[in-house]
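Report on one structure; see the data block that follows.
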Amino acid sequence: GRGKVLLSDISVESLNAICSILSMLSLRSPGAACAIAQHNHIIPSIIKTTFEPISHDHDATCSASTQEAKHSPDGSGNFIVPTALTLPAIRLICALCRQSRTIALSSWISSVMESVTIMLAMSAEHDDEWEMQKWCIILWRTLLQYGLAISYTSTILTLSIPHLTTKDDMNYGLSPYYLTSYAALCDCAKTVANDDHTKNPVLDETNREVLSECSIWLASHVKSCVEFLQHSVLPASDDEVVRAMRLASARVRLMTSYTSAATSDVAKHQKNSSSGMIPLVSRYSCIQALAGVLRSTLLYKAIDITLHQEEIYDELSRKDCEVEASSCALVHSFFTALCSLLRQDNEEVEPIQEAENQELLNLINDIYVHVLGILATKSSARQNIKHFDNNSCVRSWRNKAHFSITRMMAITLSIRSSTLGIGSVKLALPLIQSFVFTLIGRLDHGEEAIAAMLISQSILFNVVVTEEGSSSFQSVRYVQEVLLREIMDTSYQSQVQLDHSFKLISGHEMSHNGGGSFQLESLRSEADRTAPPQSTAPDANDSSSSCEILSLPLGDNWLFKLLSGNIDLGNSHEKTGRLQCTSDIIFSAFRLIIHMEKEKTQYARSTASGAKIYFLLNSCLFPEDIVRQDSFAPLFHQLFNLYESSDESKRGD
């Protein structure tokens, strides 16, 4: 058609601009992404023009834009395609595929993947060629998250061997990208292992057979990753540190994904849903691998960067997003691996030795002390928390890393309080609570699963009280319960969003019906808005159902907001129960806020005194049945006196 002719004759700069504009539109609007992908000529014409192999002997056979790209100063040399053209195109395709499973299933994807395997077979000699190969692997990894493109596994595995079997100190090392793709492949195998394929198969038999051979194909790579991690070292230069973090993160992620898939496979073998994953790496080897990363101080450096220690940022160029991305990736993969090793259901597969447990607990304790030291330093600085979150990608990296840290710290608090006594966590609890409560207020759409998992940590909703020299927990669980109700809202769209978030974060849906991430309709943070099934359709007379509001974000001062609000007392039979429920929430919120204020936590200091007093006074507007209860006045006066005597109140806001 006419569009094809025009596209093949325009300049490289114009074609790059077209791809950039289309990428921007697709990222901003899922509808626009589908329209672009389903157009009869746009993507097919771009693919034909940009993925056209360079003919070095017959320039006349190439399009005008291809010839221009070949002869440009930053041209592709002997590379199979003109990277000046192909790189913007493959970025566009990656952006489109993330927007919708339907797009990832487009007929033109197969031709792109054929070109991908050819490009990965080439040797990268320039930066743009390496960048091109990196995006080829990213595209494959994106498709794997939907359970697609599994058939290319054997080909890409063969092509990756030179990168995975040599020391990754070359300029164009692709090892981290290959390893994270293989981790996604292991996640596919785990999904299949948990799937009852006799009822609703998520993959056909051909792809199941491919996954069944993954254990053999990946075994040597996984063992190599574990050995490398056990002997990790801290590089000398800053650039090497970033590469080392990226590579260590990928190795830890593959190790965790492989062992998790193998564990699921062994546990499910009686259900005839085997994915062929064999537990070739012992639990002790995994512990030793994580200990090696810790000994190298690579993790400590990543934690320091992730938690924003100013001196570390000055040292490693604070403005460089690559530094933070690599640090957050290592922190997230490392702590995810730790949590995986702590699961007691591993006893079904491999008996846990007491010596292994002790070594793992020593590892956790070292990290606990280090993180606690940073949080104490930040708290004693007596300055408000600063958020550098204008970039949604940076905010997402940071939230995932902080979630991994806080979940591990909460687990450690539970272990220490049960083994060493509640007094051993008296000083640590408010520091960790402050960090967690700040994170909860910062979470956004797509992170509902993170919020649910954090709020489910019961130890975070306790205050330590000391009477006659003995410390004990006083529960404020009603705050936890109201938050969980808010996150796990029963409205249809909220349930869809929470299920979508669990699939994105953990690969498992709430219903546990199998399928996991294979049932994702997109990789965007917010699920598509769809009409509820007839059986669960809301009442037409219910005005609240016409405009559903998602739970997140809660906002930084979510805890103080619990002191103000409206109550639906319902009918006369429901009134008493609802009043009691509301009073329990208010009194728990009072106790938790008083605890945070007395401990002078950074979370409490980050809210202005004027706002605090505003929310406090709003609590007097609750029904008389609540305000006149014996517990209300003492708690109100105690908190009011704290604000009245605070230095900030005396100075004024």
Side-chain angles (χ1 to χ4, degrees), residues 130 134 160-180 182-183 218 220-259 281-307 309 311-317 320 322-338 340-341 356 359-360 362-371 373-374 401 404-405 408:
W130 173 81
K134 181 188 81 172
S160 69
I161 290 176
H163 298 275
L164 300 178
T165 56
T166 57
K167 190 176 180 181
D168 194 67
D169 58 355
M170 61 186 74
N171 292 330
Y172 307 118
L174 296 171
S175 294
Y177 305 97
Y178 278 118
L179 293 175
T180 52
Y182 297 153
L218 295 177
S220 61
H221 298 310
V222 175
K223 288 183 177 180
S224 177
C225 285
V226 172
E227 291 173 2
F228 271 115
L229 291 170
Q230 289 175 349
H231 302 92
S232 299
V233 294
L234 181 68
S237 70
D238 292 346
D239 290 339
E240 290 177 351
V241 166
V242 173
R243 286 197 292 269
M245 285 180 181
R246 188 188 303 125
L247 188 55
S249 170
R251 285 169 172 162
V252 171
R253 183 177 171 188
L254 176 58
M255 177 188 75
T256 306
S257 296
Y258 183 92
T259 53
V281 179
S282 68
R283 183 174 183 270
Y284 181 71
S285 297
C286 293
I287 295 173
Q288 288 294 305
L290 297 184
V293 177
L294 200 63
R295 283 194 302 270
S296 71
T297 70
L298 201 60
L299 179 70
Y300 289 141
K301 206 169 189 69
I303 291 174
D304 294 342
I305 294 171
T306 303
L307 295 180
Q309 279 196 303
E311 64 273 15
I312 300 297
Y313 259 116
D314 292 340
E315 178 185 344
L316 289 181
S317 178
D320 189 358
E322 188 177 359
V323 174
E324 182 157 13
S326 301
S327 301
C328 290
L330 177 57
V331 167
H332 180 63
S333 59
F334 188 96
F335 282 96
T336 300
L338 269 184
S340 178
L341 290 172
E356 290 182 16
E359 187 160 355
L360 181 61
N362 291 340
L363 187 68
I364 293 172
N365 186 65
D366 290 342
I367 298 171
Y368 172 83
V369 171
H370 182 79
V371 173
I374 295 176
S404 303
I405 293 173
M408 192 69 251

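Along the sequence shown, the residues carry numbers beginning at 1.
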*Between Ser175 and His163, is any side-chain donor less than 3.5 angstrom from a side-chain acceptor?*
no
*Between Tyr182 and Ser257, do the side chains contain an N or O donor and an N or O acceptor separated by less than 3.5 Å?*
no
Check whether any side-chain heavy atom of [X] lies under 4.5 Å from a side-chain heavy atom of [Y], and answer yes or no.
X      : Y      : value
Lys223 : Ser285 : no
Thr336 : Arg253 : no
Leu290 : Met255 : yes

*Would Leu254 and Thr180 count as a side chain to side chain contact (heavy atoms under 4.5 Å, CB included) if you check the C-alpha gap in whole Å, the side-chain angles of each, and the deciding distance to 0.1 Å?*
CA-CA 6 Å; Leu254 176 58; Thr180 52; over 6 Å; no
List the atom of [X], the atom of [Y], and the distance in Å for their closest heavy-atom pair.
X      : Y      : result
Val242 : Ser326 : CG1-OG, 3.4 Å
Leu298 : Ala248 : CD2-CB, 3.9 Å
Ala329 : Ser249 : O-OG, 3.1 Å
Ala250 : Pro176 : CB-O, 3.6 Å

Between atom [atom1] of [X] and atom [atom2] of [Y], what is the distance when rounded to the nearest 0.5 Å?
X      : Y      : atom1 : atom2 : result
Leu218 : Leu179 : CG    : CG    : 9.5 Å
Met245 : Ser232 : CE    : OG    : 12.0 Å
Asn362 : Tyr368 : CG    : OH    : 15.0 Å
Met408 : Ile367 : CE    : CD1   : 7.5 Å
Tyr300 : Leu294 : OH    : CG    : 3.5 Å
Gln230 : Cys286 : CD    : SG    : 9.0 Å

*Working for side chain to side chain contact (heavy atoms under 4.5 Å, CB included), residues Leu174 and Ser160*: CA-CA 8 Å; Leu174 296 171; Ser160 69; over 6 Å; no
*asked:* Using the rule given for side chain to side chain contact (heavy atoms under 4.5 Å, CB included), can you reason through Thr256 versus Ser333, listing the C-alpha separation, both sets of side-chain angles and the distance that settles it, and then say yes or no?
replied: CA-CA 8 Å; Thr256 306; Ser333 59; over 6 Å; no
*May I ask you to decide if the ring planes of Trp130 and Tyr177 are parallel, tilted or perpendicular, using 30° and 60° as cut-offs?*
perpendicular
*Thr259 and Leu341: side chain to side chain contact (heavy atoms under 4.5 Å, CB included), yes or no, with the steps?*
CA-CA 10 Å; Thr259 53; Leu341 290 172; over 6 Å; no
*Would you say Ser327's side chain and Thr306's backbone share a donor-acceptor pair under 3.5 angstrom?*
no
_Sole residue of Asp304, Asn365, Leu299 in side-chain contact (heavy atoms from CB on, under 4.5 Å) with His370_ = Asp304
*So among Glu227, His231, Glu359, which one has a side-chain hydrogen bond (donor to acceptor under 3.5 Å, both in side chains) with Gln288?*
Glu359
